[in-house]
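Here is the structure we will look at, set down as structure tokens.
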Amino acid sequence: MTLIDCPECATDVSEHAERCPHCGYPFKEPSGPDKGGVVLTDIDIGFNDWAVILLKAGLAAFPVAIIAVLLYFVLTIVGTALVGGIGG
């Protein structure tokens, strides 16, 4: 049995070990469905996808804008009436 040095902690470890018994450094890459980690991929969103996203965002924001404008005018008229600006 050949011993190798762990690159992480420099402990002598068997060449057949999957991990260092001292620090847990993995010597072999896990394979199969239990392989851990995050896979980063490029996300390719074309112009049509962006157009649809922006259209949906605009449609969602439109009612909010209308409600905000109506609320502004209602509060302005009520506020003016309470101060005595209308009819008096």
Side-chain angles (χ1 to χ4, degrees):
M1 174 174 79
T2 305
L3 296 178
I4 58 172
D5 288 334
C6 172
E8 188 72 25
C9 66
T11 304
D12 289 334
V13 182
S14 168
E15 67 178 350
H16 301 292
E18 293 184 14
R19 295 184 172 272
C20 174
H22 182 258
C23 68
Y25 181 84
F27 294 116
K28 298 178 182 173
E29 288 293 324
S31 61
D34 62 339
K35 183 177 180 181
V38 177
V39 177
L40 299 177
T41 59
D42 291 334
I43 298 174
D44 184 21
I45 297 179
F47 175 77
N48 290 337
D49 294 330
W50 278 111
V52 169
I53 291 170
L54 293 175
L55 178 64
K56 287 181 180 179
L59 291 175
F62 187 71
V64 174
I66 290 176
I67 292 170
V69 170
L70 290 174
L71 188 60
Y72 171 77
F73 283 119
V74 167
L75 291 178
T76 303
I77 292 170
V78 170
T80 306
L82 290 176
V83 174
I86 295 179

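Residues that satisfy the side-chain contact (heavy atoms from CB on, under 4.5 Å) test with I4, not counting sequence neighbours, are E15, F27. Evaluation of the side-chain contact (heavy atoms from CB on, under 4.5 Å) rule for E18 yields K28 as partners, not counting sequence neighbours.
Taking CG of L71 as the reference point, atom CD1 of I66 lies at 13.5 Å (rounded to 0.5 Å). Between the CG atom of N48 and the CD1 atom of I53 there is a distance of 11.0 Å, given to the nearest 0.5 Å. Taken to the nearest 0.5 Å, the CG atom of D5 stands 8.5 Å off from the OG1 atom of T11.
Through direct or relayed side-chain contacts under 4.5 Å between Ile, Leu, Val, Met, Phe, Trp and Tyr, V69 connects to Y72, F73.
Listed here is the closest heavy atom pair of G24 and R19: O-NH1, 2.9 Å.
The same ILVMFWY cluster, assembled from side-chain heavy atoms under 4.5 Å apart, contains both L70 and F62.
In summary, of the residues considered (P26, C6, P7), a side-chain contact (heavy atoms from CB on, under 4.5 Å) with C20 occurs for C6 alone.
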